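Data first, discussion second: the structure below is written as structure tokens.
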Amino acid sequence: MSAAAAAQSQAVLSCPLLDWFARHARDLPWRRDRTPYRIWLAEVMLQQTQVDTVIPYYERFLARFPTIAELAAAELGDVLKVWEGLGYYARARNLHAAARQVVARSAGRLPGSYDELLVLPGVGRYTAGAVASIAFGQHVVAVDGNARRVLCRVFAVTGDVTRSSVQRELEELAVGLLPCGRAGEFNEALIELGATVCTPRAPRCGECPLAGECQAYVGGDPEPLPVRRPRRRVPHYDVAAAVTLRDGHVLVAQRKVEDMLGGLWEFPGGKREEGETLPECLAREMREELGVEVKVEEVLTVVKHAFTHFRITLHAFTCQLTSGEPSCLDCAAFRWVAPADLEGLPMSVADRKVAAALQAAQGQAPDLPLHGNPS
DNA sequence: AATGCGGGGGT
DNA sequence: ACCCCAGCATT
């Protein structure tokens, strides 16, 4: 293709897209005040997370940590607490670590180039491209899952999009469309189109500014694209957790930072092995994790919870310590806390439900689950 | 280049 | 019940 022809095909798609975006862009919190920190924070929160879920977290996070310097100065536990419920907690750990790097190395100024951004923990190809183009006006692409879907349909790309070779191919196609001086706007527009019009199911092609140029639409059936390898079935596990009470305090453990849900607090316990009863499992886990013997009493609550790659049924039992004092054999820390103080600790959604059940049980009948409470 | 990581929303 | 999502780090 000649340079002139390439320029024309670039404009044929980007012009109607930019025009559509100017008329249909949603009013989102991170589109109001486009400082680099706010764009960066939004992009990290939006990784694998939908807009409506992110908005309240974004507002709370900014209210609590208004600047990179204030984020860097915070304790990780406080950052995780604000992140609680949003998931993918490595994002919060990486964001915090990156803020500290930025403060230490460049006085709290986020670097403005794609290559420098890419080095920060938690910043990959997409986020580096988004921040560089949207916050700093750099001429780079930012291709996320929404943009990939649009590009697959427009260019009839039938390869498996979970393969990195196909992802690179899509990025190259996006590069070919990038208009000079309006890269950030273009990237946002492509993503917005994927999020609101070119949806995974039942795309609204009648409202799409690219329909006439879309190979999948012209071919008659855009919905099957993009193609991806079928996912594996997720296994299910039964997990036991101990609500151990003594003197009006409950025992909680902090997960090791390198583990899944690292740095969060939980009611200690673990996965039931083959041929094991739940109380046997819990007694074993308490020995292995904390070096104590417990008497497993009654079921406090049962919580079902889905992770990406497995599901659990979490059985929380009230327990009594029968021998030994806790020590951290397989956790980062442990603590005895008053039930009312559980709210201050960052926990996953499943453990938070157990904490709520404990408080509800005590609110109903303060003595009942507290066999060891001397009061 | 493939895989593990949370949680929620849409259909 | 699935499917998918403003992806990244690790292997």
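Just so it is clear, the structure is predicted and the values come from calculations on it, not from any experiment. In the text below, chain A, chain B and the rest are named by the order of the sequence lines, each starting its count at 1.
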Please give, in whole Å, the distance from [N] [atom2] to [X] [atom1]?
X: R228(A); N: dC2(C); atom1: CZ; atom2: P; result: 17 Å
X: R352(A); N: dG7(B); atom1: CZ; atom2: P; result: 12 Å
X: R149(A); N: dC3(C); atom1: CZ; atom2: P; result: 15 Å
X: D144(A); N: dC5(C); atom1: CG; atom2: C1'; result: 9 Å
X: H305(A); N: dG7(B); atom1: NE2; atom2: C1'; result: 6 Å
X: L117(A); N: dG7(C); atom1: CG; atom2: P; result: 17 Å
X: Y88(A); N: dC8(C); atom1: OH; atom2: P; result: 12 Å
X: M260(A); N: dT10(C); atom1: CE; atom2: P; result: 17 Å

Legend entry - Atom CD of E75(A) with >12 non-hydrogen neighbours under 6.0 angstrom: no
Legend entry - Salt bridge present between E172(A) and R168(A) (N-O < 4.0 angstrom): no
Inset, instruction - For the pair R34(A) and E188(A), find out whether any cationic side-chain nitrogen is under 4.0 Å from an anionic carboxylate oxygen. - result: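 A salt bridge is present here (some side-chain N lies under 4.0 Å from a carboxylate O).
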Please classify the nucleic acid contact of [X] as base, sugar-phosphate, or nothing, using heavy-atom distances under 4.0 Å.
X: G194(A); result: nothing
X: T53(A); result: sugar-phosphate
X: T127(A); result: sugar-phosphate
X: R31(A); result: base
X: V44(A); result: nothing
X: T199(A); result: nothing
X: W83(A); result: nothing
X: L120(A); result: sugar-phosphate

Inset, instruction - Would you please classify the geometry between the F307(A) ring and the H305(A) ring as parallel, tilted or perpendicular, with 30° and 60° separating the classes? - result: perpendicular
Nearest-nucleotide pick for [X], side chain only, options being [options]:
X: F307(A); options: dG9(B), dG7(B), dC8(C); result: dG7(B)
X: S164(A); options: dG7(C), dA1(B), dG4(B); result: dA1(B)
X: H309(A); options: dC8(C), dG4(B), dG7(B); result: dG4(B)

Legend entry - Phosphate OP1/OP2 of dA2(B): any R163(A) side-chain N/O under 4.0 Å: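 Yes.
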Inset, instruction - Let me know, please, whether R201(A) or Q48(A) comes out on the 5' side of the other along DNA chain B by nearest nucleotide. - result: Q48(A)
Legend entry - Along DNA chain B (nearest heavy atom to each residue), the more 5'-positioned of R229(A) and L86(A):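 Comparing both residues, the 5'-ward one is R229(A).
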Legend entry - 5′-ward residue of the pair R311(A)/A128(A) relative to DNA chain C: R311(A)
Inset, instruction - On DNA chain C, check which nucleotide each of E188(A) and L118(A) is closest to and give me the residue with the more 5' one. - result: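 Nearest-nucleotide comparison on DNA chain C picks E188(A).
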Legend entry - Ring-face cation of R246(A) near W336(A) (centre distance under 6.0 Å, axis angle within 45°): yes
Legend entry - Min side-chain heavy-atom separation L251(A)-L290(A) under 4.5 Å: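 With C-beta onward as the side chain, the pair touches.
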